[in-house]
Amino acid sequence: MTAIPPNPPADEYPPYDPATVERTWAARWKERGTHKTDLTGAKDPFYALMMFPYPSAEGLHVGNLFAFTGNDIYGRFHRQKGHDVFEPLGYDAFGIHSENFALKVGVHPMELIPRNIQNFRRQLDRAGLMVDWSQSVDTTDPSYYKWTQWVFLQLFKRGLAYRKEAAVNWCPSCKTVLANEQVEHGHCERCGTLVELRDLTQWFFRISGHAPRLLANLDTLDWSESTKQAQRNWIGKSDGAELVFSVSDTQADAGSATVAVTEEYAIAEDRIRVFTTRPDTIFGATYLVLAPEHPLVDAITTAEQRVVVEAYRERTRKQDLVTRKTTKEKTGVSTGAYAVNPATEQLVPVWIADYVLMDYGTGAIMAVPGHDERDFAFAMQFDLPITRVVVRDGEHAHHPISVEPVLDTTLGRLCNSGRFDGLTVDEGKRTITDWLAARGTARPVTQYRLHDWCISRQRYWGPQIPIIHCAACGPVPVPEQDLPVILPNIPDFKPDDSGISPLARHAEWYHVACPACGAAARRETDVSDTFLDSAWYFLRYPSAHHAAAPFDPALTKTWLPVTSYIGGNEHAVLHLLYARFITMVLKDAGHLDFEEPFTRFRAHGMIIREGAKMSKSKGNVINPDVYFEEWGADAFRTYLMFLGPYEEGGDFRDRGISGVKRFLDRIWGSVHECTVEGTPDDAVMRKLHQTIKKVGEDIPALAYNTAIAAMMEYVNVMRTGERAVHRAEVEPLVQLVASFAPHLGEACWETLGHTASVFDSGWPAFDPKRLVADTWECVVQVNGKLRGKVTLAVGATQAAAMTAALADATIAKFVTGEPKKVIFVPGRLLNIVA
RNA sequence: GCCCGGAUGGCGGAACCGGCAGACGCAGGGGACUCAAAAUCCCCCGAGGGCAACCUCUUGUGGGUUCGAUUCCCACUCCGGGCACCA
């Protein structure tokens with residue numbers, strides 16, 4: 001055992017005290033304007049965007065901090081790499097969430113929100129983010145929502161904003177309409193209340209028309225695959241055909257259909273259009289089913305049947321999903337009407353059932369019970385004919401009725417399909433669609449699941465939809481020069497069950513002259529969805545002080561589209577889809593010259609705590625203030641980045657921070673103790689060059705946890721025992737660690753004698769020649785099993801390796817006789833196969 | 001049901017393009033320094049066997065390809081996320 005030299009005198013330099021260091025540097029950054037970006041003079045603009053927070057009363061969530069820190073490191077790194085980095089942040093402060101909280105605590109949102117923002121700002125300042133606060137946005141500021149209203153008008157002008165009476169999602173607790181995206185499994189995303197359908201006149205954005213572009217562009221974007229996949233699922237493309245069945249007024253005598261045709265029919269429309277992805281199975285379509293809300297239903301049902309149908313409609317309105325999803329049993333009613341299958345020209349009965357949905361396709365389906373699970377269950381229930389029209393190769397082709405539907409027909413061939421027998425499914429789809437199209441009873445159709453975006457909210461806390469309703473002129477846009485429509489400060493902002501915004505109660509605001517004809521008119525009282533506020537905020541940051549337009553053309557050209565966007569995947573189908581849509585529309589309107597706002601997007605993971613999701617009820621919510629206080633922002637930031645892969649998140653454990661704090665302590669110590677005497681150690685310098693390379697590769701890949709591990713490894717090598725650290729060994733390390741622990745980075749950089757910011761010091765270069773030693777350790781395997789190691793010179797031949805290996809007795813004893821085969825991978829291993 | 005991820009020590013997690021499984025950190029054990037404690041520094045730390053040199057087993061399960069598999073292929077189990085009576 002070697003003697004351990006005594007500890008160096010600890011009082012020769014100040015100990016690492018995060019509170020002092022962080023206070024000092026926060027003040028200096030402010031003083032020196034370190035975080036201000038030269039927006040007009042930037043040569044190499046790099047827009048590092050993070051999703052702006054909703055300033056809740058609870059204060060900054062550790063999830064926010066995790067997200068922002070990851071973005072901050074990315075931004076600081078690119079600044080060191082020589083880019084002009086712009087890292088803005090603002091507040092998404094409108095919306096139901098804020099309003100509900102204001103109602104709960106009985107404080108007006110106009111009072112509450114500025115208070116919350118102030119608290120957020122205090123916490124954000126403590127976190128050491130490189131945010132340029134001179135370019136912030138607050139969605140509730142009239143200078144911001146003026147332009148949100150302007151965006152609405154751009155859509156209105158292009159016919160992309162329209163009003164219609166529709167069954168919309170109504171949350172009886174929040175007392176407002178919700179977008180489809182805000183309904184989760186039939187429940188309100190915010191409060192969990194069962195959502196009802198209500199018929200109301202609402203404003204919609206025609207996003208569905210953009211579905212093909214929104215889908216196709218995804219292939220060109222550098223985004224997290226999971227996010228792109230979520231958008232693809234949500235847009236929901238299906239290729240198929242629309243087929244036409246004519247309704248027959250002839251009494252049918254078709255085999256198993258026993259329902260008599262009543263005399264009451266007054267058929268308004270004599271054709272039923274259905275959408276199918278399987279036109280090849282048309283010969284197996286033995287009945288039709290209409291959704292209860294289908295416009296033809298009333299015309300072909302008796303009063304008696306309508307009672308049943310009404311019950312189905314009621315169930316749909318109430319979103320009775322428990323009944324709908326747990327019972328496999330199908331409910332339906334026969335109408336007694338018949339339609340003509342365009343392929344077989346047979347009469348098929350028309351049914352009404354609530355397993356067919358009005359808001360997808362045409363609200364009517366052709367049922368192919370031989371090959372669809374739901375149709376099969378329905379046919380069994382009501383004794384409807386089942387025909388098999390696809391058969392797998394080698395199977396019997398003529399089952400009269402199959403006992404079970406044949407679902408996987410991807411490899412099959414058509415049967416019972418007249419002259420199309422023997423075609424594959426894919427051939428059948430094409431050939432049959434063409435054949436029917438020639439007869440005028442089919443056309444190829446692509447369906448999308450994406451619905452138009454309902455943007456009206458019957459609430460108070462949002463930007464007014466800038467429309468004036470005039471009896472003579474209809475809905476008239478508020479002239480652009482009259483924007484913004486200012487949100488009045490009213491005390492009674494609580495919504496009621498009427499479905500009308502509280503603002504309607506304020507006559508002085510509500511009544512207004514029509515901008516077109518001057519007649520008495522009334523203001524639109526709905527506000528727009530919060531997601532409209534956030535659908536364009538990234539366009540505003542560079543132009544935050546621009547009064548004449550929402551975004552300055554020159555600045556927009558310099559800074560957009562966004563270089564890098566980092567945020568949570570919970571916004572994969574809400575915010576991220578809407579932002580793409582709005583950008584596309586603004587491009588089409590000539591206001592932008594790009595149509596995709598975010599060149600690169602990465603979804604970060606989620607932080608859980610001790611294996612469980614953080615929640616107030618579990619009491620395991622992290623208050624960042626406590627950790628800032630106890631460990632310092634730098635250690636807290638670094639720990640958040642260390643606890644798992646950034647894109648996956650990780651498990652927060654209080655005790656884990658101590659390791660990171662120790663790591664920062666050791667850097668502090670090395671910087672203060674380092675010497676310029678002597679020369680740096682070769683092996684240490686080799687490790688340093690390897691570390692520079694590794695960290696420089698890991699940060700752009702968001703592999704922060706392994707970047708930190710690599711720096712820790714280096715510190716272990718550099719500071720082993722009590723060896724004297726050379727200045728050249730530690731100086732580049734300060735540059736590497738600075739983006740993780742920015743206050744410490746600056747302080748150490750200053751200690752090393754620099755006067756400018758470490759973030760303007762560049763990124764250290766590594767020398768490829770210094771990455772490798774002149775010998776390497778060769779792993780020796782015998783029959784694939786590790787049996788030993790030998791040290792070889794770089795460039796050693798296989799023969800030299802063999803000689804060295806066989807000289808080792810432990811290895812040699814496993815080699816019996818002449819080897820059959822030898823695998824030698826220079827730099828890696830030698831495998832002797834006996 | 002369909003589409004994405006994922007499963008590795010007591011714990012969080014590493015592992016380039018198929019080449020030493022368990023880097024880094026936490027927790028744990030031992031030691032140095034100290035009157036003592038903290039801090040700091042050093043050593044050990046997947047399981048089993050052996051006095052030891054060493055040996056055997058081990059990356060959710062079962063197969064396969066390969067000189068060699070955490071990594072590739074096939075089948076399956078479980079967990080997380082998206083979509084879902086979507087025709």
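Convention: sequence-line order gives letters A, B, ...; per-chain numbering from 1.
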S.K.: Side chain of A/T720, heavy atoms from C-beta onward: which of B/C3, B/C42, B/G12 has the nearest atom to it?
M.R.: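 So the side chain of A/T720 is nearest to B/C42.
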S.K.: When all nucleic acid strands are considered with a 4.0 Å heavy-atom cut-off, which category describes A/D665: base, sugar-phosphate, or nothing?
M.R.: nothing
S.K.: Side chain of A/N233, heavy atoms from C-beta onward: which of B/A27, B/C86, B/C3 has the nearest atom to it?
M.R.: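 Selected nucleotide: B/C3.
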S.K.: In Watson-Crick or G-U wobble terms, both distances under 3.5 Å, what is the partner of B/C72?
M.R.: B/G64
S.K.: Work out how far the C1' atom of B/G9 is from that of B/C57, and round it to whole angstrom.
M.R.: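 To the nearest whole Å, 14 Å.
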S.K.: What about A/K821: does its side chain form a donor-acceptor pair under 3.5 Å with the base of B/C67?
M.R.: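 Donor-acceptor pair under 3.5 Å: no.
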S.K.: Please walk me through it: do A/Y287 and A/F378 pass ring-ring contact (aromatic ring centres under 6.0 Å, His included)?
M.R.: CA-CA 10 Å; A/Y287 62 100; A/F378 193 82; 5.6 Å; yes
S.K.: Please state whether the base of B/C16 and the side chain of A/R828 form at least one donor-acceptor pair under 3.5 Å?
M.R.: yes
S.K.: Looking only at atom C1', what distance separates B/G46 and B/G28, rounded to whole Å?
M.R.: 14 Å
S.K.: When rounded to the nearest Å, what value does the distance between P atoms of B/A21 and B/U70 take?
M.R.: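 My reading of the P atoms in B/A21 and B/U70 gives 9 Å.
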S.K.: With a non-hydrogen cut-off below 4.0 angstrom, is A/F814 in contact with a base, only sugar-phosphate, or nothing?
M.R.: sugar-phosphate
S.K.: P atom, B/U8 versus B/U61: distance in rounded Å?
M.R.: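 Result for the P pair: 10 Å, nearest Å.
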S.K.: So, is A/R662 near the phosphate of B/C26, with a side-chain N or O under 4.0 Å from OP1 or OP2?
M.R.: yes
S.K.: Do A/N716 and A/R666 pair up side chain to side chain, a donor and an acceptor below 3.5 Å, judged on atom types alone?
M.R.: yes
S.K.: Please tell me which of the listed nucleotides, B/A27, B/C20, B/G12, lies nearest to the side chain of A/V779?
M.R.: B/C20
S.K.: The side chain of A/T706 lies closest to which of these nucleotides: B/A14, B/C4, B/C57?
M.R.: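 Selected nucleotide: B/A14.
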S.K.: Are side-chain N/O atoms of A/T362 and A/R273 paired as donor and acceptor at under 3.5 Å?
M.R.: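 There is no such pair (donor and acceptor under 3.5 Å, judged by atom type) between the side chains of A/T362 and A/R273.
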S.K.: I'd like to know if A/E225 reaches the base of B/G5 with its side chain such that a donor and an acceptor end up less than 3.5 angstrom apart.
M.R.: no
S.K.: Does a side-chain N or O of A/N716 approach OP1 or OP2 of B/G25 to a distance below 4.0 Å, or not?
M.R.: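 The answer is yes; a side-chain N or O of A/N716 sits under 4.0 Å from OP1 or OP2.
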S.K.: Using a strict threshold of under 4.0 Å (side-chain N to carboxylate O), is an ion pair present between A/R609 and A/D654?
M.R.: yes
S.K.: Pick base, sugar-phosphate or nothing for A/E777, based on heavy-atom distances below 4.0 Å to the nucleic acid.
M.R.: base
S.K.: With a non-hydrogen cut-off below 4.0 angstrom, is A/K820 in contact with a base, only sugar-phosphate, or nothing?
M.R.: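 Nothing, no heavy atom under 4.0 Å.
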S.K.: Just to confirm, is there a sub-4.0 Å distance from OP1 or OP2 of B/A14 to any side-chain nitrogen or oxygen of A/N705?
M.R.: yes
S.K.: When you measure from the side chain of A/R653, which nucleotide among B/C85, B/G82, B/C11 comes out closest?
M.R.: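 Looking only at heavy atoms from C-beta outward on A/R653, the closest nucleotide is B/C11.
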S.K.: Could you tell me whether the side chain of A/N831 has a donor or acceptor atom within less than 3.5 Å of a complementary atom in the base of B/C67?
M.R.: yes
S.K.: Looking at B/C57, I'd like to know if its phosphate oxygens (OP1 or OP2) sit under 4.0 Å from a side-chain N or O belonging to A/K785.
M.R.: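 So the side-chain polar atoms of A/K785 do come within 4.0 Å of the phosphate oxygens OP1 or OP2 of B/C57, strictly under.
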S.K.: Any idea which of B/U56, B/A87, B/G19 is nearest the A/F275 side chain?
M.R.: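 Ranking B/U56, B/A87, B/G19 by closest atom to the A/F275 side chain puts B/A87 first.
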S.K.: Please state the P separation for the pair B/G63 and B/A69 - nearest whole angstrom.
M.R.: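 The same atom, P, in both gives a distance of 14 Å.
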S.K.: Using the P atom as the point on both nucleotides, what is the distance between B/C11 and B/A47, in whole Å?
M.R.: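 B/A47 and B/C11 have their P atoms separated by 12 Å.
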S.K.: Remember a base hit wins even if backbone is also touched, and classify A/L643 as base, sugar-phosphate or nothing at under 4.0 Å, heavy atoms.
M.R.: sugar-phosphate
S.K.: Relative to the 5' end of RNA chain B, which residue comes earlier, A/G361 or A/K789, by the nucleotide with the nearest heavy atom?
M.R.: A/K789
S.K.: Within the structure shown, what part of the strands sits under 4.0 Å from A/E713 by heavy-atom distance: base, sugar-phosphate, or nothing?
M.R.: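 Answer is sugar-phosphate: A/E713 comes under 4.0 Å of backbone atoms only.
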S.K.: Toward the 5' end of RNA chain B, which comes first, A/Q781 or A/Q231, by nearest nucleotide?
M.R.: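 This one resolves to A/Q781.
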S.K.: What contact category does A/R723 fall into here, base, sugar-phosphate, or nothing, at under 4.0 angstrom with non-hydrogen atoms?
M.R.: nothing
S.K.: Does a side chain donor of either A/N569 or A/S224 reach within less than 3.5 Å of an acceptor in the other side chain?
M.R.: no
S.K.: Do we get A/R787 above A/F814's six-membered ring, with its NZ or CZ under 6.0 Å from the centre and within 45° of the axis?
M.R.: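 So A/R787 does make the cation-pi contact.
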S.K.: Does NZ belonging to A/K693 count more than 12 external heavy atoms closer than 6.0 Å?
M.R.: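 12 or below, so no.
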S.K.: Where the side chain of A/R449 is concerned, which of B/A87, B/C20, B/A84 is the nearest nucleotide?
M.R.: B/A84
S.K.: Both distances under 3.5 Å, Watson-Crick or G-U wobble: report the partner of B/U77, or none.
M.R.: B/A7
S.K.: Remember a base hit wins even if backbone is also touched, and classify A/V356 as base, sugar-phosphate or nothing at under 4.0 Å, heavy atoms.
M.R.: base
